[in-house]
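Below is one structure, written out as structure tokens, with a few remarks after it.
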Amino acid sequence: MAGLTGSRRRGGGAGWLAAAPLLVVTLIAFGIPTVVLGVGAFSVKGGGFGFDNLSATMQEPYIGALWSSVKLSAVVAILGAVLGAFLAQAVLTSRSGLLREAVLTASGVLANFGGVPLAFIWIATLGNSGVVTAALGLGSGVLYNFWGLALVYLYFSIPLMVLVIAPALDGLKPQWREAALNNGASTWQFWRHVGIPVLGPALLGGGVLLFGGAFAAYATAAAMVGASVPLVTLQIADALTGNVLIGYENIALALSVDMIVIALLVMAVYLPLQKRSSRWLA
Amino acid sequence: MTVELRELRRSFGGTVALDGLSLTIEQGELIAFLGPSGCGKTTALRCVAGFERPDTGAVFIDGADVTRVPANRRDAGMVFQSYSLFPNLNVRDNVAFGLRVRRRPTSERHSRAAELLELVGLGGFGERYPHQLSGGQQQRVALARALALQPKVLLLDEPLSALDAKVRVNLREEIRRLQLELGITTIFVTHDQEEALSVADRVAVLKSGRLEQVAPPAEVYDRPATPFVAEFVGTMNHLPGRVSGETVEVFGHFLPLDGAAPGEEVDVLVRPEAVRVSPSEEGRGFILASSFRGSIARLRVQLDSGGEVLADVPGHEAVRLAPGLKVDVTLVERPVLTAPRTAVAAPVEPVA
Amino acid sequence: MAGVTWRRLTLGVAAVYFLVPLAIAVWFTVYNESLGFSLGAYGRIVSAPGFGESLLKSLLLGAAVIVLVLLLALPALLAVRLGAPGLRPVLETITTLPLIVPPITYVVGIANALRGGTDALAATPFWQTLISIQDEDFPVVLVLAYVMLALPFAYRSLDTGLRAVDVRTLVEAARNLGASWPYVLFRVILPNLRSAVAGASFLSLALVMGEYTIAALMGYRTFPVWIVTVSGSDGQLSVALSVLSLGLIWLLLLTLSGAGRKSK
């Protein structure tokens with residue numbers, strides 16, 4: 001018994017040793033930039049610390065960009081989660097294995113498709129001289145606004161949602177539906193009392209993921225709308241590349257802190273719920 | 001409240017699940033649908049529940065044709081094979097689900113759930129969640145849920161097959177006790193012949209979507225209507241025999257025939273308990289193996305003529321009848337069933 | 001039936017939304033009103049200046065990221081299962097952090113840290129190190145940044161793979177039969193993790209081949225950055241590049257599922 005405990009303890013030490021490279025690299029590659037970010041955001045011109053930078057980001061034009069980023073991400077998260085769940089359910093309940101396989105593979109590809117190439121494809125479709133724009137006579141500027149951006153972001157968000165929600169939908173046992181019907185429930189009542197509550201955490205988790213993706217997206221927006229839709233990522237990039245008034249260098253840092261706080265808040269909703277879901281659908 | 005299945009037919013693609021099944025289940029009766037997988041027993045049950053619609057034929061509950069009535073408006077409570085409890089609801093809300101759907105007041109839901117949980121021996125478990133219960137407890141809750149709306153019929157779809165052996169026996173006795181207490185007409189689907197024989201008033205043996213026999217357990221066991229039933233229910237020896245007139249010759253004995261024989265050279269079907277084994281130097285075989293089962297011991301006897309015979313002997317004789325011993329094999333004098341000759345003598349044991 | 005109708009409708013709308021832009025993109029690259037059909041746009045990709053160079057650079061970065069991610073994550077994950085369960089919450093936290101810090105804020109932090117570091121360390125030997133990790137041909141900073149970004153996805157993929165394998169029993173059985181530790185690791189555990197390792201590698205490579213923000217803002221000409229700079233005003237070329245990068249992701253995914261299937 002003593003030998004076993006001894007080897008356990010040694011195993012623990014060796015375990016931390018095995019994880020040491022990961023911890024050290026994270027500390028350097030992630031810890032240093034984050035600390036620099038925090039320190040810079042709270043530094044005041046002429047030395048010392050204060051909230052000058054952060055309060056500057058709470059004013060125009062920055063607050064508007066922050067709000068518009070949050071709004072866009074929320075719209076994409078909600079629409080993406082709902083539409084993705086519907087699409088996944090339609091695919092999973094169809095009896096065609098081929099369709100299922102094809103959609104899941106395509107989702108894997110499209111969920112990883114973003115950045116500038118995504119913008120180019122949509123510009124060719126719905127841009128001012130895009131094929132669909134011309135064919136339907138839509139006029140210019142269809143794509144280069146808030147809803148245009150949402151439409152494009154959904155192109156990778158919906159597939160991501162399909163990937164996230166498919167296992168959860170597979171985990172919904174047919175017996176639950178039948179047991180509900182057997183107890184006199186309608187299909188709608190089944191979804192209301194059982195289906196949606198059981199999927200709830202997975203839906204919310206997917207929504208959080210989509211929110212994060214849309215919130216962090218920069219390249220697509222930069223290539224599409226330039227400055228016509230104010231977004232916090234665009235403002236940070238401007239500030240970073242010196243495309244900004246003198247004396248506002250630390251604004252990029254403060255805006256970054258704003259973004260991290262928002263992401264943190266959204267993430268905080270999701271983590272505890274994820275645990276419950278995995279227990280139900282095990 | 002009777003259930004009548006009339007000429008049910010149902011096929012899935014090319015496979016026929018129900019091939020003209022007709023059967024009437026009497027008021028307050030517990031009938032077991034027994035058969036190998038794919039025999040149509042679950043499909044028949046699902047037709048009663050409304051989850052399947054027969055291609056042709058009709059289902060009557062209490063004299064009313066319910067064939068076209070959707071599942072959520074039928075008066076049939078169902079218990080599924082396993083894990084059918086709603087994971088997001090606690091035990092009480094699971095049991096009261098049907099009442100909630102019908103918008104009954106909270107107080108009624110709670111009192112009815114408590115009453116039913118008491119009935120299935122889980123009083124005080126109302127606040128627990130399904131994942132905190134054992135498999136047997138979950139099935140008890142499922143049973144309470146199925147009974148919550150006071151259905152006319154109780155449908156049990158292999159409710160015990162996912163449980164441990166010991167729990168299985170306990171729960172099946174519990175189900176029987178409850179069923180008798182409530183006097184509810186019940187269909188119990190199982191592939192386990194022991195389960196069917198021990199709980200049912202009548203056993204309906206199905207094969208390829210057709211009814212082979214429906215009779216009380218003792219009759220199904222002692223007087224199987226067909227060779228299939230004989231082999232599926234209990235263990236059966238196949239011994240080579242020769243028909244002559246009203247009797248059949250096997251091991252030099254002449255036994256009376258039960259029903260018509262399919263030919264001259266036949267297999268004689270004999271239960272292990274109808275085989276007698278005694279030590280004899282001039283015997284026709286020797287004991288290959290012996291497994292002690294308490295009150296009896298089952299012997300596997302290798303015949304000199306080829307083939308094997310299973311025999312059940314009283315448990316206390318197991319010591320005397322040890323493997324390797326040369327023995328003589330005789331049969332109890334009683335009418336025997338015959339089947340077309342298959343191969344050398346070999347016992348057929350049920351799969352379950 | 002109602003069920004069939006809504007399913008058809010959903011699938012139909014999804015097909016239009018997802019396939020029309022793709023079809024148009026492909027059409028746009030091969031058809032031109034004045035020239036008719038031509039694959040010229042794709043030809044121009046290969047001949048465009050910097051194509052091979054930037055592709056090679058991104059592939060090299062990708063390879064380095066994959067190796068580093070696996071070297072960092074696998075030992076830690078195995079340690080969690082072989083006697084240091086206390087590590088798990090630490091690892092979970094570490095691998096969640098990069099999800100909370102968007103790449104654009106991360107690059108702000110990196111840029112400031114590097115600038116501050118070069119100023120502060122100007123007189124010390126560390127200065128040389130700091131300069132060399134920012135080398136234009138093989139930027140180690142970028143590798144480290146991408147490792148951090150890939151870690152959450154790679155970690156989860158590997159964790160899921162390990163869940164399907166009873167590592168402790170495997171290790172104990174192999175050790176009991178006299179296998180050495182390296183043998184256990186490379187001949188027993190890794191072969192059982194083939195599809196998880198393939199998955200983690202795919203996610204890391206897809207990330208490197210698609211990441212624009214960090215590379216662009218730090219001024220490195222990786223493949224995604226090159227795509228943007230080279231497209232310029234040539235609309236056909238830019239869409240052809242988009243189709244190409246989509247094809248690249250698809251190819252990676254196919255390779256991955258091929259590797260995953262072989263292990264079954």
Side-chain angles (χ1 to χ4, degrees), chain A residues 8 11-12 14-16 18-19 21-23 25-26 28-30 32-34 36-37 40 86-87 90-91 93-94 105-106 108-110 112-118 120-122 124-125 130-132 155 158 212 215-216 218-219 223 233 236-237 240-241 252-253 256 259-260 263-264 267 271, chain C residues 7 10-11 14 18 20-22 24-25 27-28 71-73 75-76 78-80 82-84 86-87 91 94 96-113 116 144-145 147-148 206 210 212-213 216-217 224 227-228 231 235 238-239 241-242 245-246 249-250 253:
Chain A
R8 270 280 154 76
W16 284 91
L22 177 66
L23 301 179
V25 170
T26 305
I28 293 171
F30 196 78
I32 295 176
T34 329
V36 168
L37 200 67
F86 265 95
L87 179 56
V91 171
T93 54
S94 85
T105 309
V109 173
L110 291 179
N112 283 292
F113 183 56
V116 181
L118 172 65
F120 285 161
I121 279 182
W122 276 93
T125 307
V131 175
V132 173
Y155 202 71
I158 292 176
F215 194 54
Y218 158 70
T233 47
I236 292 177
L240 194 71
T241 48
L253 297 168
S256 297
M259 275 192 90
I260 292 169
L264 213 58
M267 198 62 129
L271 288 178
Chain C
R7 185 179 308 140
T10 311
L11 291 174
F18 286 106
V20 164
L22 280 185
I24 286 174
W27 174 252
F28 191 82
L71 279 181
L72 294 176
L78 288 176
V80 166
L82 293 174
L87 263 175
L91 294 183
I94 283 183
T96 305
L97 286 176
L99 290 178
I100 295 170
V101 177
I104 188 119
T105 68
Y106 186 34
V107 75
V108 169
I110 296 173
N112 276 279
L144 289 178
V147 165
M148 286 295 116
Y212 171 80
T213 309
L217 290 177
I227 286 182
V228 176
S231 351
S238 65
V239 177
L241 281 162
S242 303
S245 58
L246 194 63
I249 301 173
W250 187 59
L253 198 68

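Chain identifiers are assigned alphabetically (A, B, ...) following the order of the sequence lines, protein sequences preceding nucleic acid strands; residue numbering begins at 1 within each chain. Hydrogens, waters and symmetry mates play no part in the numbers below; they use all other heavy atoms, side chains included.
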Top contributor to chain C interface from Leu23(A), Ile32(A), Val25(A) [non-hydrogen pairs under 4.5 Å]: Val25(A)
Top contributor to chain C interface from Gly115(A), Pro21(A), Ala263(A), Ala29(A) [non-hydrogen pairs under 4.5 Å]: Ala29(A)
Test item: Ile121(A) and Leu22(C) side chains (from C-beta on) under 4.5 Å apart, heavy atoms: yes
Beyond-backbone contact of Leu253(A) with Thr105(C), side-chain heavy atoms, under 4.5 angstrom: no
Engaged part of Leu91(C) at the chain A interface, taking heavy atoms whose separation is under 4.5 Å: side chain
Residue pair Met259(A) / Ala216(A): nearest heavy atoms and the distance that separates them: CE-CA, 4.3 Å
Contacting moiety of Phe18(C), where chain A heavy atoms sit under 4.5 Å: both
Nearest heavy atoms of Ile104(C) and Val107(C), plus distance in Å: O-CG1, 3.1 Å
Proximity breakdown for Leu72(C) and chain A, heavy-atom pairs closer than 4.5 Å: both
Residue pair Trp250(C) / Leu246(C), side-chain heavy-atom distance below 4.5 Å: no
Contact class of Pro21(C) relative to chain A, heavy atoms under 4.5 angstrom: both
Ile28(A), part contacting chain C, at a heavy-atom distance under 4.5 Å: neither
Set of residues satisfying side-chain contact (heavy atoms from CB on, under 4.5 Å) with respect to Thr34(A), sequence neighbours excluded: Phe30(A)
Chain A interface, residue from Gly109(C), Ala111(C), Gly210(C) that has the most non-hydrogen pairs under 4.5 Å: Gly109(C)
Close side-chain approach of Phe120(A) and Leu241(C), heavy atoms under 4.5 Å: no
Proximal component of Val109(A), with respect to chain C [non-hydrogen, under 4.5 Å]: both
Leading residue by heavy atom contact count with chain C [cutoff under 4.5 Å; candidates Ala106(A), Gly40(A), Ser94(A), Gly114(A)]: Ser94(A)
Atom of Phe113(A), atom of Ser242(C) and distance for their closest heavy-atom approach: CE1-O, 4.0 Å
Option in Val239(C), Leu87(C), Thr10(C), Thr213(C) with maximal non-hydrogen atom pairs under 4.5 Å from chain A: Leu87(C)
Per-residue contact mode, Ala14(C) against chain A (heavy atom under 4.5 angstrom): side chain
